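See structure below.
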Amino acid sequence: MDLRHVRYAIATAHAGSLRRASTVLRIAQPTLSEQLRSLEKEIGVELFTRSSSGVRLTEAGEAFLAQATVAVDAFERAVSAARGKGQTARLGVADGLGDVAARLLSQLQGARLRVAPMSTAEQIISIMDGTLQAGLGYAPGSLPRGVARMLVHRSPVRALLPGAHALATGETVSLADLASEPLVMPESDAVAGARRYLEGFVRHGLHPRLGPGAATHDLAITMVEAGAGYTLSVREGVWVPEGLAFLPIAEDVPPIEVVFLWNRRSDAHELVSAARHLARAG
């Protein structure tokens, strides 16, 4: 069985159509269709139902792809282990993402890896020039050609306030109520998401009151604890001291998105495989 055809089937299942899959895989759509038919013939079952609206996995296809994905990941880890034996890879991690990095590292068995604190923008530059194999950062607006990204974590935006604050007594808090309070914003690229939150205020005709800046994500939490204001850029999964309260925002605010970044041409297969497991875990 050609492992390449299995990868094509996985990509097609994720894309939901032959056209989108052929674009991602950079092969002609008739070629992709032919190779999927070849795979189905070899297995002896139909993996996809095809229609004008796209493709869908059959029951047999779902069973096959579930096991095939595990097998492909295992193969990629084996290749990576052979190629990278004796080499140390570098993983950039943006401010405030230590917990996500720990979960990613727990998927790696015996890998030689050095973690480097680095903003998302710095990660992208270093991935392009080959000095960094991969990174964990906040979702950028766009990426240069050759740098890939994978969404590994999405967190709803919540306000972090002192538990004794008057606004902490309700089940939710509105942007209108928050607008008059000082907003503590980290000066690292964790604030990239916060810029979108500021746009949320503006869309509702509100003008948020900016409080003191914090050099790091953790310092922003400390400043909230000290009563300097509130912040929006802390994910709910991050540990915070007792006495602070997370409150959902009443209005619709874009979530905080954490992405895994890598160069498609680099030998980062083991890291990519670990990131895929992290993404599946949600």
Side-chain angles (χ1 to χ4, degrees), residues 90-105 113-129 131-132 134-141 143 149 152-165 167-168 173 175 178-202 206-247 249 253-261:
R90 293 180 72 229
L91 174 72
V93 177
D95 180 41
L97 299 182
D99 63 313
V100 182
R103 289 167 54 200
L104 178 71
L105 295 176
L113 186 67
R114 186 164 76 87
V115 176
M118 192 178 297
S119 73
T120 304
E122 291 172 325
Q123 290 177 32
I124 293 170
I125 294 170
S126 298
I127 288 172
M128 288 179 64
D129 66 22
T131 59
L132 188 73
L136 283 171
Y138 298 91
L143 285 172
R149 72 175 168 185
V152 296
H153 184 82
R154 180 185 283 119
S155 177
V157 176
R158 301 179 189 274
L160 180 67
L161 304 113
H165 196 287
L167 294 179
V173 62
L175 293 176
L178 290 172
S180 60
E181 300 292 326
L183 171 58
V184 178
M185 295 176 68
E187 295 167 356
S188 67
D189 71 333
V191 79
R195 291 194 185 98
R196 292 183 296 168
Y197 316 150
L198 297 183
E199 293 170 4
F201 283 103
V202 173
L206 301 169
H207 301 282
R209 175 185 165 196
L210 298 183
T216 66
H217 178 272
D218 290 342
L219 183 56
I221 298 174
T222 301
M223 292 174 68
V224 170
E225 185 183 23
Y230 73 97
T231 187
L232 292 170
S233 56
V234 178
R235 292 173 295 104
E236 189 177 19
V238 175
W239 179 86
V240 296
E242 291 184 11
L244 298 184
F246 274 112
L247 282 181
I249 306 298
V253 178
I256 299 173
E257 294 185 333
V258 179
V259 294
F260 176 81
L261 303 166

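Basis for what follows: all heavy atoms, side chains included, without hydrogens, waters or symmetry-related copies. The structure displayed is predicted, hence computed values, not measured ones.
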For the residue pair Ile221 and Pro241, establish whether any side-chain heavy-atom pair is separated by less than 4.5 Å.
yes
Output all residues satisfying ring pair (Phe, Tyr, Trp, His ring centres under 6.0 Å) with Tyr230, sequence neighbours left out; order by chain, then residue number.
none
Phe260 and Ala134: which non-hydrogen atoms are nearest, and at how many Å?
CZ-CB, 3.4 Å
Rounded to the nearest 0.5 angstrom, the CG-CE distance for Leu160 and Met223 is 12.5 Å
Pro182 and Gly211: which non-hydrogen atoms are nearest, and at how many Å?
CB-CA, 3.9 Å
Listed by chain and number, what are the side chain to side chain contact (heavy atoms under 4.5 Å, CB included) partners of Ala116, not counting sequence neighbours?
Arg90, Met118
Side-chain touch Asp99/Trp239, heavy atoms, less than 4.5 angstrom:
no
Find the distance between CD1 (Ile125) and OG (Ser119) and round it off to the nearest 0.5 Å.
7.5 Å
To the nearest 0.5 Å, what is the distance between CE on Met128 and CG on Leu261?
12.5 Å
Could you grab the distance from atom CG of Leu104 to atom NE2 of His153, nearest 0.5 Å is fine?
13.5 Å
Short question: side chain of Arg154, backbone of Glu257 - any donor-acceptor pair under 3.5 Å?
no
In terms of heavy-atom contacts, Ala159 and Val173 come closest through CB-CG1, 3.9 Å
Could you tell me whether a side-chain N or O of Asp95 sits under 3.5 Å from a main-chain N or O of Thr216, the two making a donor and an acceptor?
no
Might you work through the side chain to side chain contact (heavy atoms under 4.5 Å, CB included) test for Val253 and Leu232, ending with a clear yes or no?
CA-CA 10 Å; Val253 178; Leu232 292 170; over 6 Å; no
Any idea which heavy atoms bring Val224 and Gly229 closest together, and the distance?
CG1-O, 3.5 Å
Looking only at heavy atoms, what is the nearest atom pair of Ala168 and Pro162, with distance?
CB-O, 3.6 Å
Measuring from Leu91:CG to Leu136:CG, what's the distance to the nearest 0.5 Å?
5.0 Å
Those residues that, when tested against Leu210, pass side chain to side chain contact (heavy atoms under 4.5 Å, CB included) (two or more places apart):
Leu183, Met185, Leu198
Mark yes or no for whether Thr231, through its side chain, and Val184, through its backbone, hold a donor-acceptor pair below 3.5 Å.
yes
Leu105 side, atom CG; Leu113 side, atom CG - distance, nearest 0.5 Å
6.0 Å
Over all atoms of both residues, closest heavy-atom pair of Ala94 and Thr120:
CB-OG1, 4.0 Å
Leu244 and Leu161: CA distance, side-chain angles, deciding distance, side chain to side chain contact (heavy atoms under 4.5 Å, CB included) verdict
CA-CA 6 Å; Leu244 298 184; Leu161 304 113; over 6 Å; no
